[in-house]
Amino acid sequence: MQDRAERKLIESAMKAPYLALEEEQDLAKRWYRKHDQQALHQLTVAHMRLVIAMAARFRNFGLPVADLIQEGHIGLLEAAARFDPERGVRFSTYATWWIRASMQDYVLRNWSIVRGGTSSAQKALFFKFRRLRAKLQKSMGTSSEIHEEAARLLGVSPADVAMMDARLSGSDLSLNAPMRDEGDASAERMEFIPSDDDPIDETVEHMIDGERRALWLTDALDVLDKRELKIIRERRLSDEGATLEALGTALGISKERVRQIESRAIEKLRSVLAREHPALAGGAV
């Protein structure tokens, strides 16, 4: 089913007429100036063969060609959205960069479930070293020799090359894969990964304590008047953390007065918590 859909897409793209320079410029200007959807459709359909040709260059990464074409189409649309026909550049020249970039990002996202570096230099190393390694393996014996020569040719460190080589050579392993070498076929790889998390009983205890303390603090807020409550909420209980100056402007008072009201409100809360829940009094707000 997928193969038929892929063939149909390729056949449709190959049947699309080529655009003369004047026609391409006219369509690009209609889209750029008037957001003419029909012009955009004609422009992108005429350049789908460019997407398909580019997808063929990434076929060896083992990803579905149909997905590569889809990603390339996204890049093509991005190019159309950014293209300025007044600059006198052919749309195909401009679109090629966006199509390639979109496909490269797709390959990097799907090469491994572990995300690697995605800077421009790391992307270039990923795609250039893969091709260069195949050539160097024919004339050099050891991995260290290949890494040194590749680093020299690509202008990066041997350590970066070695790390990329490991990433290209390794494959993802399921955490549910059996650890047969441990002598127990039922044991899974996941069971042997050390965890830095607290024991589950401590985690649950902390969660319950946190919820209880939040309820205590909510009850204690009832002792504050309307202005004190507003200042405490916006200064101490908000992710943003309003400034004294901003609150002073909102309330029509000086920032020093806001500070005084805040201090008084905190003392009220500590007094209530010290009486009702002594363990929480020191860290009320």
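Here the structure is a predicted model, which is why all the values come from computation and not from measurement.
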Audit row: E256, R259, salt bridge (Lys or Arg N to Asp or Glu O under 4.0 Å) steps and yes/no: CA-CA 5 Å; E256 176 59 25; R259 188 192 63 76; 2.5 Å; yes
Quick one: do [X] and [Y] make a salt bridge, cutoff under 4.0 Å?
| X | Y | value |
| --- | --- | --- |
| K230 | E234 | yes |
| E267 | R264 | no |
| E262 | R235 | yes |

[X] versus [Y]: any side-chain heavy-atom pair under 4.5 Å?
| X | Y | value |
| --- | --- | --- |
| D84 | V89 | no |
| Q104 | E71 | no |
| D26 | E22 | no |

Approximate separation, where rounding is to 0.5 Å, of [X] [atom1] and [Y] [atom2]:
| X | Y | atom1 | atom2 | result |
| --- | --- | --- | --- | --- |
| S157 | H147 | OG | NE2 | 11.5 Å |
| L251 | K226 | CG | NZ | 10.5 Å |
| I52 | E11 | CD1 | CD | 10.0 Å |
| S263 | K268 | OG | NZ | 13.0 Å |
| F61 | L108 | CZ | CG | 8.0 Å |
| D160 | L154 | CG | CG | 10.5 Å |

Verify side chain to side chain contact (heavy atoms under 4.5 Å, CB included) between R100 and T96, making sure each step is shown before the conclusion. CA-CA 6 Å; R100 182 190 299 112; T96 296; 3.6 Å; yes
Taking all non-hydrogen atoms of both residues, which atom of [X] and which atom of [Y] are closest, and how far apart?
| X | Y | result |
| --- | --- | --- |
| M103 | A55 | CE-N, 3.6 Å |
| I69 | V51 | O-CG1, 3.5 Å |
| L19 | L27 | CD1-CD1, 3.8 Å |
| E228 | A265 | CB-CB, 3.9 Å |
| A242 | L247 | CB-CG, 4.0 Å |
| T44 | L76 | O-CD2, 3.4 Å |

Exceeds 12 heavy-atom contacts within 6.0 angstrom, atom CZ of R57: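 No, not enclosed.
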CD/E245: more than 12 non-hydrogen atoms of other groups inside 6.0 Å: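 It does not: E245 CD has 12 such atoms or fewer within range.
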Same cluster or not: are [X] and [Y] linked, directly or through other Ile, Leu, Val, Met, Phe, Trp or Tyr residues, by side-chain heavy atoms under 4.5 angstrom apart?
| X | Y | result |
| --- | --- | --- |
| I74 | Y106 | no |
| M48 | V65 | yes |
| I266 | L229 | yes |
| Y32 | L43 | no |
| L63 | I99 | yes |

Can any side-chain N or O of W31 pair as donor or acceptor with the backbone N or O of Q37 at less than 3.5 Å?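 Not at all, since once roles are kept as given, no pair shorter than 3.5 Å links the two residues.
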Tell me whether R227 contacts the main-chain N or O of I261 through its side chain, where contact means a donor paired with an acceptor under 3.5 Å.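 Flag not set: sc R227 to bb I261 has no pair under 3.5 Å.
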Under a plain distance cut-off of 3.5 Å, with no hydrogens placed, do D105 and S102 share a side-chain donor-acceptor pair?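 Result is no, nothing qualifies.
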Between R82 and E78, is the salt bridge (Lys or Arg N to Asp or Glu O under 4.0 Å) condition met? List the steps. CA-CA 6 Å; R82 296 171 179 269; E78 183 70 22; 2.5 Å; yes
Partners passing side-chain contact (heavy atoms from CB on, under 4.5 Å) against R90 (at least two apart in sequence or in another chain):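 side-chain contact (heavy atoms from CB on, under 4.5 Å) check on R90 returns L21, E24, S92, T93.
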Would you list the pairs meeting ring-ring contact (aromatic ring centres under 6.0 Å, His included) in which at least one residue belongs to residues 67-87, sequence neighbours left out?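 Non-adjacent pairs meeting ring-ring contact (aromatic ring centres under 6.0 Å, His included): F83-F91, F83-Y94.
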May I have the step-by-step check of side chain to side chain contact (heavy atoms under 4.5 Å, CB included) for H41 and Q38, ending in yes or no? CA-CA 5 Å; H41 176 71; Q38 181 60 31; 4.3 Å; yes
